[in-house]
> 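Dropping a structure here in structure tokens format, bear with me for questions.
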Amino acid sequence: MLKVADGHSGTKDVSAVYTGLVLFFLLFIAIPTVSFSAPSKWPKLLSPDVADRVERNESVEVLVLLEDADEQATEEVENRNKVKLYRAGASDYNQRIQKRKGLMDKLKVRVKSDVVDPDLEIKTEYSVLPIMHVRIKSARALDKLLQQEKVVSIDENRPNNAYLAQSLPLVGRANAQVAAYNGLGTSVAILDTGVDYTRAEFGSCSTPGGACKVVYAQDFASTDGKLDDNGHGTNVAAITLGVAPAAKIVALDVFRTDGYAYSSDIINAINWCVTNKTSYNIASINMS
């Protein structure tokens, strides 16, 4: 089961594992086109910043959310008599994720064939999510995206900051009943600035895996050559082990060298978590 940790104030169960999480993330920042100077023929959810920058002939990176109701309906029929995806065993989960990849691939092939333009570059396709990371270089290319019937919204690829607040008292870790759940057999994906697993708290490891508390590490943003060039991710990972001392850590660096975590890199890491859930028994995602 995947959960999302909102800072250090607690965790929230996510029953719609992949689509629901990212739909909320994107739709939360989507702004209807009601008060900006873009042409009125653009009827869909479009970030005013995107419209303004394109009107100024600037290149802009965006996240394009696609409507996948048909694909969800297909999955519902195929899985009608099966347990929910987040409760599925490893074999069943992986088979269903592979089918999901196939459905998403067909959806995106259809969309891409309709929006071919020299001023439109597909930078990332998230294999199990109805989202594409796209660079737009002209109003013409933007208009093609907006005319495609499967496009729901277009949002700017925004930079995000790291924050740190209180932890154990706010999540009720002192409660004896809660304390009985120590995370044994699971891992927590830390989407942050990386984790310095050479520190004693993680086993003074030279590489992830084995006896190391960090079982996997990957840079999803531009590689900076350091395990954690900021320290924030290492701190968050240590707090996570304070809450669930028997859990393992999956260290996913989503911060670029400019100090920001861009939405496209965060979503890429979420996509990785969904597709690799069973490999590391990922029980939750922390995005502090």
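Position 1 is the first residue of the sequence; numbering continues from there. In this text the structure is predicted, and so the values were computed from the model without any measurement. Computation of the quantities below employed the complete heavy-atom set of this structure, encompassing side-chain atoms and omitting hydrogens, waters and symmetry-equivalent molecules.
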> Output the rest of the hydrophobic cluster of Tyr260: all Ile, Leu, Val, Met, Phe, Trp and Tyr residues reachable through side-chain heavy-atom contacts under 4.5 Å, sorted by chain and number.
Tyr262
> Do Ile154 and Leu145 pass the side-chain contact (heavy atoms from CB on, under 4.5 Å) test, and can you show the C-alpha distance, the side-chain angles, and the key distance before you say yes or no?
CA-CA 9 Å; Ile154 301 173; Leu145 273 178; 3.9 Å; yes
> Linking Ile, Leu, Val, Met, Phe, Trp and Tyr through side-chain heavy atoms less than 4.5 Å apart, which residues share a cluster with Val109?
none
> Side-chain heavy atoms nearer than 4.5 Å, only ILVMFWY residues, links allowed to pass through others: does that put Leu46 and Leu120 together?
yes
> So, taking the atom named CG in Asp196 and the one named OG1 in Thr234, what distance separates them when rounded to the nearest 0.5 Å?
5.0 Å
> Around atom NZ of Lys123, are there more than 12 heavy atoms from other residues, nucleotides or ligands closer than 6.0 Å?
yes
> Count the heavy atoms of every other residue, nucleotide or ligand shown that sit under 6.0 Å from NZ of Lys112, and state whether that count exceeds 12.
yes
> Apply salt bridge (Lys or Arg N to Asp or Glu O under 4.0 Å) to residues Lys150 and Asp70 and explain how you reach the verdict.
CA-CA 11 Å; Lys150 287 293 183 177; Asp70 292 340; 3.4 Å; yes
> Closest approach of Val128 and Asn271, non-hydrogen atoms and distance?
N-OD1, 2.9 Å
> Report the residues that fulfil salt bridge (charged side-chain N to carboxylate O under 4.0 Å, His left out) with Arg135, sequence neighbours left out, ordered by chain and then residue number.
Glu61, Glu121
> Can a donor-acceptor pair be found, under 3.5 Å and without considering hydrogens, that links the side chain of Asn286 to the backbone of Ser288?
yes
> In terms of heavy-atom contacts, does NZ of Lys106 have more than 12 from other residues, nucleotides or ligands at under 6.0 Å?
no
> Okay, side chain of Asn281, backbone of Gly185: is any donor-acceptor separation there less than 3.5 Å?
yes
> Just to verify, what does Ser138 make a side chain to side chain donor-acceptor pair (under 3.5 Å) with, not counting sequence neighbours?
Asp119
> Measuring only between side-chain heavy atoms, which start at C-beta, is Glu156 closer than 4.5 Å to Arg53?
yes
> Mind checking the CG-CD1 spacing from Asp192 to Ile266? Nearest 0.5 Å is all I need.
9.5 Å
> Could you report the tightest heavy-atom contact between His232 and Asp228, atom names first, then the distance?
N-OD2, 3.8 Å
> Do Ser47 and Asp155 have side-chain atoms, one donor and one acceptor, less than 3.5 Å apart?
no
> State, to 0.1 Å, how close Val111 and Gln148 come at their nearest heavy-atom pair, and which atoms those are.
CG2-OE1, 3.8 Å
> Enter the distance from Lys108:NZ to Ile122:CD1 here, rounded to the nearest 0.5 Å.
10.0 Å
> What residues form a salt bridge (charged side-chain N to carboxylate O under 4.0 Å, His left out) with Glu71, not counting sequence neighbours?
none
> Checking side-chain polar atoms at under 3.5 Å, does Tyr93 have a donor or acceptor matched by the opposite partner on Gln95?
no
> Please collect all salt bridge (Lys or Arg N to Asp or Glu O under 4.0 Å) contacts where either partner lies in residues 232-258, sequence neighbours excluded, each pair once.
Arg256-Asp265
> Step by step, would you call Glu78 with Arg96 a side-chain contact (heavy atoms from CB on, under 4.5 Å)?
CA-CA 9 Å; Glu78 292 181 349; Arg96 287 156 73 172; over 6 Å; no
> Taking only residues two or more places apart in sequence, or in another chain, which ones meet Asn230 in a side chain to side chain donor-acceptor pair (under 3.5 Å)?
none
> Regarding Asp68 and Gln72, is there a side-chain donor-to-acceptor distance under 3.5 Å anywhere?
yes
> Using the salt bridge (Lys or Arg N to Asp or Glu O under 4.0 Å) rule, take Lys99 and Glu75 through it: C-alpha gap first, then chi angles, then the decisive distance, then the call.
CA-CA 8 Å; Lys99 290 183 179 179; Glu75 290 177 316; over 6 Å; no
> Please assess Asp117 against Arg140 for the test salt bridge (Lys or Arg N to Asp or Glu O under 4.0 Å), listing each intermediate value before the final yes or no.
CA-CA 8 Å; Asp117 191 283; Arg140 181 192 65 237; 2.6 Å; yes
> For residues 220-250, which residue pairs pass the disulfide (SG to SG under 2.5 Å) check, not counting sequence neighbours?
none
> Got Ile267 and Leu129 here, is their nearest side-chain heavy-atom distance under 4.5 Å?
yes
> Once rounded to the nearest 0.5 Å, what's the spacing between atom CG of Asn160 and atom CZ of Phe255?
7.5 Å
> Working to the nearest 0.5 Å, report the span between CZ of Arg158 and OG of Ser263.
7.5 Å
> Checking side-chain contact (heavy atoms from CB on, under 4.5 Å) for the pair Ile131/Leu66: CA distance, chi angles, key distance, verdict?
CA-CA 6 Å; Ile131 305 168; Leu66 305 177; over 6 Å; no
> Where is the tightest heavy-atom contact between Cys273 and Leu191, given as atom of each residue plus distance?
SG-CD1, 4.3 Å
> Hey, mind stepping through Ile190 and Thr240 against side-chain contact (heavy atoms from CB on, under 4.5 Å) and telling me if it holds?
CA-CA 9 Å; Ile190 306 294; Thr240 298; 3.4 Å; yes
> Per the disulfide (SG to SG under 2.5 Å) rule, what does the pair list look like for residues 58-88, sequence neighbours excluded?
none
> Which heavy atom of Thr193 sits nearest to which heavy atom of Gly231, and what is that distance?
OG1-N, 4.1 Å
> Which heavy atom of Ser59 sits nearest a heavy atom of Lys137, and at what distance?
OG-CG, 3.9 Å
> Please name all residues satisfying salt bridge (charged side-chain N to carboxylate O under 4.0 Å, His left out) with Arg80, sequence neighbours left out, ordered by chain then number.
none
> Identify all side-chain donor-acceptor contacts of residues 201-213 below 3.5 Å with residues at least two apart in sequence or on another chain.
{"unit_1": "Lys213", "atom_1": "NZ", "unit_2": "Pro245", "atom_2": "O", "d": "2.9"}
{"unit_1": "Lys213", "atom_1": "NZ", "unit_2": "Ala247", "atom_2": "O", "d": "2.8"}

> About how many Å separate CG of Asn94 and OG of Ser279, when rounded to the nearest 0.5 Å?
6.5 Å
> Side chains of Ser264 and Asn157: do they bring a donor and an acceptor to under 3.5 Å?
yes
> Linking I/L/V/M/F/W/Y whenever any side-chain heavy atoms sit under 4.5 Å apart, do Met132 and Leu103 land together?
no
> Run the salt bridge (charged side-chain N to carboxylate O under 4.0 Å, His left out) test against Asp49 and tell me which residues pass, sequence neighbours left out.
none
> When the aromatic ring centroids of Tyr126 and Trp272 are compared, is their separation below 6.0 Å?
no
